[in-house]
Enquirer: 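Structure provided below as structure tokens; questions to follow.
Residue numbers count from 1 along this sequence.
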Amino acid sequence: MPGGFPEGLDICNPVEYNPTPTGNGFATAVAPSATANTKGAFTQLVAATSADACWCSILVFFAATTGTETAVDIAVGASGSEVVVFNNLRCSGAGSQNAVATFSFPCAIPKGTRISARSQVNAASGTSPGVAVTLFDGGFTQMEGAAGVDAIGFNSATSQGVALTGGSGKGSYGQLTAATARDYIGLFAYVGWNAGTNLSYYTTTDVAIGAGGSEIVIVPDITASYQSGAGISPFLPIAIPAGARIAGRMQSVFGSGYQNDLTVYGVYR
């Protein structure tokens, strides 16, 4: 049981760095490379943040069709010297409607920081995703911010995560990593549509840690639907030590052989 200390979640004073509405919604268009599955140049989102931030919300908007995938890097630093801190935030197209993904997690971004983004799409000369940022300061009891985010299980060659197959029951586990590269203070997860391959209209997905055959579910039943978009878990402060194996499994409302794909994001200090 917890010991009764402050929970460490006390964010305040949001600042939105969102431009005038465009074809990408309330977001800045971030052009990918003309080559499929290749990052384009950095696009500036914020010239200089107006306050210190310990929490961020990143919106990725994608005018996608079935089978289209994008991934966005968020970087800090001067033009030409950008350092990626949040990598490969995904947005997966399932139908003719626009896809939207919002990621919210702790960060540590000081006042005056330049923020930029770059993207890739799994199609040559693909549609530019839109990206918007909201930053929050913290109250006295707020936990310390985080230094960055690792995309675990992301495949840069396809702009997708690890493909998972299941039916009316949970399928076999698919490994995202044999051993995490560092300690994580928490995680969130993104369930995509595996580029439209054997697409299931409704799925639930588990995230687990542990050796093959001895997995322990730490995030159960992330729900995703074709109509409402891919599934995104909230940031969950579940500590994962370096060297941990991470895997996932899914089930579908349909029969066997349907698929989605999974990327887990580890948040580190």
Enquirer: Just how far is it from atom OG of S50 to atom CG of N13, taken to the nearest 0.5 Å?
Expert: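 One finds 10.0 Å between OG of S50 and CG of N13.
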Enquirer: For A151 and T263, which heavy atoms make the closest approach, and how far apart are they?
Expert: CB-CG2, 4.1 Å
Enquirer: With side chain to side chain donor-acceptor pair (under 3.5 Å) as the test, would you mind laying out the steps for K39 and N87 before giving the verdict?
Expert: CA-CA 11 Å; K39 291 286 178 12; N87 70 79; over 6 Å; no
Enquirer: Applying the 4.5 Å side-chain criterion to the ILVMFWY set and letting contacts propagate, would V46 and W55 be lumped into a single cluster?
Expert: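 Yes, V46 connects to W55 through the hydrophobic network.
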Enquirer: Return the OH to SG distance between Y190 and C91, rounded to the nearest 0.5 Å.
Expert: 4.5 Å
Enquirer: Applying side chain to side chain contact (heavy atoms under 4.5 Å, CB included), run through N88 and V72 and close with a yes or a no.
Expert: CA-CA 5 Å; N88 295 307; V72 172; over 6 Å; no
Enquirer: Checking T180 side chain against A244 main chain: does a donor-acceptor pair fall under 3.5 Å?
Expert: yes
Enquirer: State, with a plain yes or no, whether a side-chain heavy atom of I74 is found less than 4.5 Å away from one of I115.
Expert: yes
Enquirer: With distance as the sole test, does S214 use its side chain to make a donor-acceptor pair with the main-chain N or O of G212 at under 3.5 Å?
Expert: no
Enquirer: Can you check salt bridge (Lys or Arg N to Asp or Glu O under 4.0 Å) on D52 and K111, steps first, answer last?
Expert: CA-CA 4 Å; D52 293 337; K111 178 181 178 179; over 6 Å; no
Enquirer: Might you point out which heavy atoms bring S92 and A99 nearest each other, and give the distance in Å?
Expert: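 Distance-wise, the nearest heavy atoms are O-CB, 3.7 Å.
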Enquirer: Answer yes or no on whether R182 is positioned over the face of Y268, meaning its NZ or CZ is under 6.0 Å from the six-membered ring centre and within 45° of the axis.
Expert: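 Output yes; distance and angle both within limits.
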Enquirer: Quick one: does C107's side chain get under 4.5 Å of C54's, heavy atoms only?
Expert: no
Enquirer: State the CG-NZ distance between L164 and K170, to the nearest 0.5 angstrom.
Expert: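 The distance works out to 11.0 Å.
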Enquirer: For side chain to side chain contact (heavy atoms under 4.5 Å, CB included), just list the numbers for F103 and I232, CA-CA rounded to whole Å, side-chain angles, deciding distance to a tenth of an Å, and then say yes or no.
Expert: CA-CA 8 Å; F103 305 92; I232 306 173; 4.3 Å; yes
Enquirer: Can you find a pair of side-chain heavy atoms, one from C12 and one from F136, that are under 4.5 Å apart?
Expert: no
Enquirer: Give the cluster check for F154 versus I246: same hydrophobic cluster or not, with ILVMFWY residues linked at side-chain heavy-atom distances below 4.5 Å.
Expert: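 No, it is not one cluster - the side chains of F154 and I246 are not joined through contacts under 4.5 Å.
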Enquirer: Within the side chain of E82, is there an N or O that forms a donor-acceptor pair under 3.5 Å with the backbone of G80?
Expert: yes
Enquirer: Would you say E144 has more than 12 foreign heavy atoms packed within less than 6.0 Å of its CD?
Expert: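 For E144, atom CD is not crowded (no more than 12 foreign heavy atoms under 6.0 Å).
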Enquirer: What is the minimum heavy-atom distance between T49 and P110, and which atoms define it?
Expert: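 Heavy-atom minimum between the residues: OG1-O, 2.9 Å.
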Enquirer: Could you walk me through whether T205 and N260 pass the side chain to side chain donor-acceptor pair (under 3.5 Å) check?
Expert: CA-CA 9 Å; T205 303; N260 62 23; 3.0 Å; yes
Enquirer: When you compare the side chain of Y258 with that of T165, does any pair of heavy atoms fall below 4.5 Å?
Expert: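 T165 vs Y258: side chains apart.
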Enquirer: On a heavy-atom basis, which atom in A189 and which in L262 lie closest, and how many Å separate them?
Expert: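 Scanning both residues, the minimum pair turns out to be CB-CD1, 4.1 Å.
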Enquirer: Looking at S119 and V30, would you say the former's side chain and the latter's main chain have a donor-acceptor pair under 3.5 Å?
Expert: yes
Enquirer: What is the minimum heavy-atom distance between A224 and V191, and which atoms define it?
Expert: CB-CG1, 4.2 Å
Enquirer: Please walk me through it: do R245 and E215 pass salt bridge (Lys or Arg N to Asp or Glu O under 4.0 Å)?
Expert: CA-CA 9 Å; R245 176 178 178 269; E215 292 89 352; 3.0 Å; yes
Enquirer: To the nearest 0.5 angstrom, please state how far the CZ atom of F86 sits from the CD1 atom of I58.
Expert: 6.0 Å
Enquirer: Do the non-hydrogen side-chain atoms of R118 and S116 ever get within less than 4.5 Å of each other?
Expert: no
Enquirer: Run Q120 and S159 through side chain to side chain donor-acceptor pair (under 3.5 Å) and show every step you take.
Expert: CA-CA 7 Å; Q120 69 182 67; S159 305; 2.8 Å; yes
Enquirer: With a 4.5 Å heavy-atom cut-off, do L9 and M143 have their side chains touching?
Expert: yes
Enquirer: What heavy-atom pair brings V60 and P129 nearest, and what distance separates the two atoms?
Expert: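 Where V60 meets P129 most closely, the heavy atoms are CG1-CB, 4.3 Å.
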Enquirer: Which is it for Y17 and L135 under the side chain to side chain contact (heavy atoms under 4.5 Å, CB included) test, yes or no, and what are the steps along the way?
Expert: CA-CA 8 Å; Y17 298 99; L135 299 180; 3.7 Å; yes
Enquirer: Do you reckon V131 sits in the same ILVMFWY cluster as F42, going by side-chain contacts under 4.5 Å, direct or chained?
Expert: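 No, V131 and F42 fall in different hydrophobic clusters.
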Enquirer: Going by heavy atoms in the side chains, are V267 and L187 under 4.5 Å from each other?
Expert: no
Enquirer: Do the side chains of R90 and D261 get close enough for a salt bridge, i.e. N-O under 4.0 angstrom?
Expert: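 A salt bridge links R90 with D261.
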Enquirer: Could you check whether any side-chain N or O of Q251 sits under 3.5 Å from a backbone N or O of S168, counting only pairs where one atom can act as donor and the other as acceptor?
Expert: yes
Enquirer: Tell me if a side-chain donor or acceptor on R114 pairs with a main-chain N or O of G77 at a distance below 3.5 Å.
Expert: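 Side chain of R114 to backbone of G77, a donor-acceptor pair under 3.5 Å: yes, one is there.
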Enquirer: Under the side chain to side chain donor-acceptor pair (under 3.5 Å) rule, what do Q160 and N122 come out as? Steps first, then yes or no, please.
Expert: CA-CA 9 Å; Q160 298 163 231; N122 68 335; 4.6 Å; no
Enquirer: Determine, step by step, whether I152 and Y265 satisfy the side chain to side chain contact (heavy atoms under 4.5 Å, CB included) criterion, reporting the C-alpha distance in whole Å, the side-chain angles of both residues, the deciding distance to 0.1 Å, and the verdict.
Expert: CA-CA 6 Å; I152 301 165; Y265 296 89; over 6 Å; no
Enquirer: Side-chain contact test, heavy atoms from C-beta onward, threshold under 4.5 Å: evaluate it for D221 versus D206 and give yes or no.
Expert: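 Side chain of D221 against side chain of D206, heavy atoms only: contact under 4.5 Å found.
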Enquirer: Grouping I, L, V, M, F, W and Y whenever their side-chain heavy atoms are under 4.5 Å apart, do L176 and Y173 come out in a common cluster?
Expert: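 No, L176 does not connect to Y173 through the hydrophobic network.
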Enquirer: When you measure from the side chain of D183 to the backbone of P241, do you find a donor-acceptor pair of N or O atoms at a distance under 3.5 Å?
Expert: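 No: the side chain of D183 does not pair with the backbone of P241.
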Enquirer: Give, for atom CD1 of I11 and atom OG of S57, the distance between the pair rounded to the nearest 0.5 Å.
Expert: 9.0 Å
Enquirer: Roughly how far, to the nearest 0.5 Å, is the CD1 atom of I218 from the CD1 atom of I209?
Expert: 5.0 Å
